[in-house]
Amino acid sequence: MGDVGITVLDGDTLRSLHVSLREDTVSLTGAQVLDLAESEASRSLLGLSLPQHLKSSALRRMNIDGVGDDVDFRRKELSPEEASRKLNEYLSAIADELKDNPLVASNLDGSALRMFLEDEDDFAMIAENLFTDLDTKDKGMISKREIRNAVVNMGVEMGVPPLEEFPLINDILKKHGAEEEGELGQSQFAELLQPILQEIADALAKNHFAVIHNIKIVNGSELKKQSTQVVVSGVIEPITKLPRHIDFPIMEIAMISRKHLQVLANEKKLNDVIAKIKQEKDNGNSGHKSTEIIKDFLEKNGKELGLPPAEANEAVILLYDAVFADIDSGEGASEAEDEFRTLVTKILEKFAEQLEANPIYCDLDG
């Protein structure tokens with residue numbers, strides 16, 4: 001089966017980008033400056049439309065925050081010098097935001113589709129699986145119109161862009177009669193599906209389609225500052241050096257969402273966490289080492305703090321082992337409060353260091 005490669009967009013391509021205005025520019029509105037910068041950034045990022053959250057975060061870095069500030073800036077008339085400065089400042093802000101929160105994208109060029117179309121066994125297996133999924137009544141026959149659902153079900157992980165974003169697929173389906181009445185057996189289904197996928201692959205070869213995946217890269221930087229962080233329920237694998245392009249099946253990476261984590265940067269939250277751990281220590285755990293009590297608490301409550309839950313898989317278990325292996329396990333349960341606070345903080349910082357050294361892909365919905 002074809003694997004869709006993914007690319008990590010971390011802002012590097014934008015850092016060397018400097019955009020100059022035309023010499024005959026008299027003035028530009030703030031809106032024109034933002035549009036120009038976003039267009040230039042898009043060209044450097046696989047032609048992607050910048051997500052709204054990325055644009056909003058970049059504007060906040062420029063102290064353009066909230067609806068009022070945004071509207072005022074967009075209406076403002078800027079001199080060529082100020083427009084040029086703001087344009088490149090916005091590009092730098094986008095690059096900085098991508099450094100902290102990289103986008104994970106795929107450039108669909110038809111190669112993944114061609115890969116399994118060229119392998120008869122792979123294609124036969126995929127066609128059989130698709131047909132079986134659509135044959136919900138187990139009749140051995142499905143409606144011809146189910147071809148559309150088959151293409152939709154293949155999705156980005158098999159190299160098929162979303163129909164609503166790549167409308168040419170609708171024309172291809174119509175051309176091959178996939179919207180007509182009638183029923184298909186499994187072999188007829190495969191015979192009709194093959195040329196449809198071939199045309200989609202050819203169309204993508206001429207007009208590449210870039211798509212952003214709902215994947216978060218955890219590198220530990222979020223533990224060290226007030227930030228947006230993920231709660232992990234599944235980890236693919238640790239990566240010592242994060243490459244800009246990784247080849248593996250997207251379907252192996254589930255979806256994630258984000259959760260605010262401000263523990264190391266927010267003294268109140270840190271104090272609350274320490275107080276809860278201290279309470280567990282005082283409630284019947286006096287015979288246990290402090291590191292054991294802290295580890296037990298984090299394994300149970302790490303998800304709420306933005307740490308990978310210990311039960312997710314072996315990679316997370318190894319992460320916990322690596323963190324606590326670096327901590328002196330000889331402490332007893334009698335440390336003073338200040339010493340206990342220092343120990344908890346040190347352990348959280350170790351998590352940040354380990355994740356920074358070994359960034360991981362993670363998911364929430366698993």
Side-chain angles (χ1 to χ4, degrees), residues 214-239 253-366:
N214 194 18
I215 298 171
K216 176 76 173 180
I217 297 175
V218 180
N219 59 13
S221 63
E222 313 299 350
L223 283 163
K224 300 178 181 179
K225 62 182 182 180
Q226 180 172 326
S227 61
T228 298
Q229 177 63 301
V230 296
V231 180
V232 186
S233 66
V235 178
I236 297 302
E237 60 178 343
I239 302 174
I253 306 176
M255 309 297 277
I256 68 161
S257 60
R258 300 170 181 170
K259 191 176 182 71
H260 295 295
L261 175 71
Q262 304 174 359
V263 176
L264 288 174
N266 188 312
E267 186 174 359
K268 181 179 183 303
K269 291 197 173 189
L270 182 60
N271 288 338
D272 288 344
V273 170
I274 293 171
K276 289 177 181 178
I277 301 175
K278 190 76 165 57
Q279 186 176 11
E280 289 203 4
K281 177 182 176 183
D282 296 338
N283 291 341
N285 289 309
S286 57
H288 293 81
K289 295 177 181 177
S290 292
T291 49
E292 294 175 351
I293 297 169
I294 295 167
K295 184 176 181 180
D296 183 65
F297 178 87
L298 293 179
E299 287 176 341
K300 293 176 181 176
N301 303 281
K303 184 175 180 180
E304 297 174 8
L305 302 177
L307 293 172
E311 71 277 6
N313 59 28
E314 185 178 356
V316 181
I317 294 173
L318 292 174
L319 171 64
Y320 270 73
D321 288 346
V323 167
F324 283 91
D326 286 342
I327 302 294
D328 181 9
S329 60
E331 297 97 340
S334 60
E335 291 95 339
E337 185 170 339
D338 286 348
E339 293 174 335
F340 190 76
R341 175 189 177 87
T342 299
L343 180 61
V344 173
T345 304
K346 182 179 179 181
I347 288 171
L348 290 174
E349 288 173 345
K350 286 291 182 182
F351 270 105
E353 290 172 9
Q354 286 289 331
L355 288 168
E356 186 172 15
N358 299 285
I360 57 176
Y361 289 91
C362 59
D363 69 69
L364 179 66
D365 299 324

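Side chains are part of it too, since the values below use all heavy atoms of this structure and drop only hydrogens, waters and symmetry mates.
For the atom pair Leu319 CG and Phe351 CZ, the distance stands at 5.5 Å (nearest 0.5 Å). Between the CD atom in Gln279 and the CD1 atom in Ile293 there is a gap of 12.5 Å [rounded to 0.5 Å]. With rounding to the nearest 0.5 angstrom, the NZ atom of Lys346 is 12.0 Å from the CD atom of Glu339. Rounding to the nearest 0.5 Å gives a distance of 12.5 Å between CG of Leu343 and CG of Asp338. Within the model, atoms CZ of Arg341 and CD1 of Ile274 stand 4.5 Å from one another, a figure rounded to the nearest 0.5 Å. Taking CD of Glu349 as the start and OG1 of Thr342 as the end, the distance is 9.5 Å to the nearest 0.5 Å.
Phe324 and Leu298 get closest at one heavy-atom pair: CZ-CD1, 4.3 Å. Of all non-hydrogen atoms in Ile347 and Val323, the two that sit nearest each other are O-CG1, 3.8 Å.
Looking at Asn271, its side chain does come within 3.5 Å of a backbone N or O of Glu267 through a donor-acceptor pair.
In this structure, the side-chain contact (heavy atoms from CB on, under 4.5 Å) partners of Asp321, at least two apart in sequence or on a different chain, are Lys295, Ile317. For the side-chain hydrogen bond (donor to acceptor under 3.5 Å, both in side chains) test, no residue two or more places apart in sequence or in another chain qualifies with Lys276.
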